[in-house]
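Below is one structure; the comments refer to it alone.
To find a chain, count down the sequence lines: A is the first, B the second, and so on, and within it residues start at 1. Owing to the predicted nature of the structure, the values given are computational and were not obtained by experimental measurement.
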Amino acid sequence: MEISQSLLNVENLSVSYGNFEAVKNISFSVLPGEIFGLLGPNGAGKTSTLSAIEGLVRFSSGTIIVDGYDVIKNPLHARAAMGVQLQSTTFQPELNVVQILQLFSGIYGVPLDKNGLNRILKEIQLEDAVHRRFAQLSGGQQQRLSLVISTIHHPRLVMLDEPTTGLDPQSRRQLWERIEAIRKSGHAVLLTTHSMEEAEAICDRIAIVDHGKIITIDEPQALIEKHRNDPEVIAVSRRGKITLEDVFIALTGREVRA
Amino acid sequence: MSVSIPKTNTALMALLKADFAVLRANRRSAILALLVPVVILISWKPLIPKLGGAYALSAAITFGLMAIGLMGYSITVARDRDKGIFQRLRVAPVPTWAIMVSRLAIQLFMIMLLTILIFIIGKSYDGVTLTLAGYVITFFVAFLGGAVYLSLGQLIVGLIKNPETVNATTRIVYFIFIMVGMFGELGTLGEQVKKYIHYSPYGAVKMMLATSMIPQTWSSATSVAVLISIGYVLLFAGVGIKLFKWNTK
């Protein structure tokens with residue numbers, strides 16, 4: 001992997017909360033035009049990794065470079081280079097759709113005139129909901145608004161933490177198309193997900209994380225091929241067909257995490 | 001490819017606009033915060049010849065400052081922190097101080113509104129008129145008084161994460177300050193309590209305000225009250241900011 005080419009380079013990252021080490025010395029890169037998935041059971045360290053990249057948690061060791069900017073040395077440049085959708089995105093409940101868009105366009109320094117506003121509203125199909133508050137929107141509408149806000153400044157790297165959780169199949173498909181459109185424009189996407197179907201459908205590469213460590217990184221199909229004949233994978237497979245979920249469960253174990 | 005950081009003043013203006021929109025949407029609770037001191041001032045009209053105009057006005061402003069700092073500021077900060085609103089703002093390329101400056105600017109606006117309102121009610125209903133110097137000095141001293149209660153609010157959200165507990169705590173503190181402060185100051189709770197009240201956040205702020213209304217009565221005790229108030233601000237804000245966590249997890 002060419003580090004100089006990558007939009008995100010994470011090297012030997014460790015994140016601790018007191019005595020608990022949530023992320024243990026992990027390294028990976030995300031290239032332009034790539035959708036990179038972080039997969040792992042609950043508590044595996046996915047959100048901690050994202051939070052460290054976003055500057056929300058202090059990491060104990062390692063380096064994180066976003067589009068050439070060190071997140072510690074140049075935090076504002078690094079944040080300007082990335083767009084973020086948090087796991088539970090919410091906005092001030094008193095603000096309506098237009099006010100939220102105006103707030104974030106101002107924060108990211110993006111001029112937003114009436115035409116620009118209307119274009120965005122049309123793009124996310126919220127023309128009829130301009131005066132609705134965030135809490136009054138449906139799950140799909142909330143996700144569309146969150147995604148457009150995270151990309152309002154056209155960042156080269158977009159980070160999405162479980163973006164399709166709780167969405168109906170139509171909304172999920174629509175979101176996938178939007179994520180793929182970001183890739184087509186040459187930008188990169190780093191997403192976390194619990195959905196193996198999602199990882200298989202849209203990710204170019206995935207990293208399976210467990211107990212704070214990366215177990216493996218590869219293309220979804222390559223991972224399936226690589227582990228197709230593992231006895232653990234065969235043991236957990238259903239109906240004779242090996243899926244990414246079988247590989248995932250075989251690698252991370254069957255026990256339910258908190 | 002080089003990335004440009006948005007100008008801080010552009011981001012600050014956007015934050016201010018949004019925070020004012022929130023204030024406008026929550027105008028009922030803002031009006032209620034202003035209503036308490038107004039009602040007190042109106043109901044005290046018969047007592048003003050005995051208590052003095054400066055006493056009544058300074059008490060009303062102090063009660064209003066408490067409501068703004070303790071309940072207006074800390075409850076919204078606790079709620080927004082719990083909902084992850086601050087985290088969403090923090091991942092943007094905006095300095096974190098700008099987020100809090102915007103929040104504080106709203107509270108300063110409320111303090112300004114409160115002070116002017118009390119001046120108007122005091123003059124029009126209670127017939128209490130100050131000199132120009134009295135109005136100007138009181139206006140600025142109200143901001144220092146407001147800072148005492150805002151920093152106390154900051155201390156509470158620094159110490160307590162749960163928004164419901166913050167809500168309950170600020171209401172209890174508000175109630176204690178009003179009841180103990182008012183009755184204690186009048187000597188109802190004994191001489192010892194009366195002495196301590198003078199140095200409490202309630203007593204120090206009220207004394208500053210009362211003296212500011214009649215500047216010629218400024219004494220060394222008032223200067224001590226100013227210093228004590230600054231001390232409270234530094235202590236409460238220092239500890240409150242140090243302990244403050246941006247999320248509740």
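- The contact between A/Gln92 and chain B is made by backbone and side chain atoms together, counting heavy-atom distances below 4.5 Å.
- A 4.5 Å side-chain heavy-atom check between B/Met110 and B/Leu114 finds every atom pair outside the cut-off.
- Relative ring orientation between A/Tyr69 and A/His77 is described as parallel, the plane-to-plane angle staying below 30° on a 0-90° scale split at 30° and 60°.
- Contacts with chain A (heavy atom to heavy atom, under 4.5 Å) involve these residues of residues 17-26 of chain B, listed by number: B/Lys17, B/Ala18, B/Asp19, B/Ala21, B/Val22, B/Arg24, B/Ala25, B/Asn26.
- More than 12 heavy atoms of other shown residues, nucleotides or ligands fall within 6.0 angstrom of atom NZ in A/Lys24.
- A/Ile100 does not touch chain B: none of its heavy atoms, backbone or side chain, sits under 4.5 Å away.
- Checked by atom type, the side-chain pair B/Arg171/B/Asn167 shows a donor-acceptor distance below 3.5 Å.
- Of all the listed residues (A/Leu95, A/Asn74, A/Ile107), the one sharing the greatest number of non-hydrogen pairs under 4.5 Å with chain B is A/Ile107.
- For B/Met13, the CE atom sits in a loose shell: 12 or fewer heavy atoms of surrounding residues, nucleotides or ligands are nearer than 6.0 Å.
- Heavy atoms of A/Phe104 lying under 4.5 Å from chain B belong exclusively to its side chain.
- Note on ring orientation: taking the six-membered ring where Trp is involved, the planes of B/Phe143 and B/Phe140 are tilted (angle from 30° to 60°).
- With a threshold of 4.5 angstrom between heavy atoms, A/Leu103 approaches chain B through its backbone and through its side chain.
- Between the side chains of B/Gln87 and B/Arg90, at least one donor N or O lies within less than 3.5 Å of an accepting N or O.
- Proximity to chain B involves both the backbone and the side chain of A/Ser150, based on heavy atoms less than 4.5 angstrom apart.
- No side-chain N or O of A/Gln143 forms a donor-acceptor pair with one of A/Gln174 less than 3.5 Å apart.
- Using cut-offs of 30° and 60° on the angle between ring planes, the pair B/Trp246 and B/Phe244 is perpendicular.
- For the pair A/His131 (side chain) and A/Val98 (backbone), a donor-acceptor distance under 3.5 Å is absent.
- Contact count against chain B (heavy-atom pairs under 4.5 Å) is highest for A/Gly106 among A/Gly106, A/Gly68, A/Gly109, A/Ser105.
- Interface remark: B/Ser4 contributes backbone atoms only to the contact with chain A (heavy atom separation under 4.5 Å).
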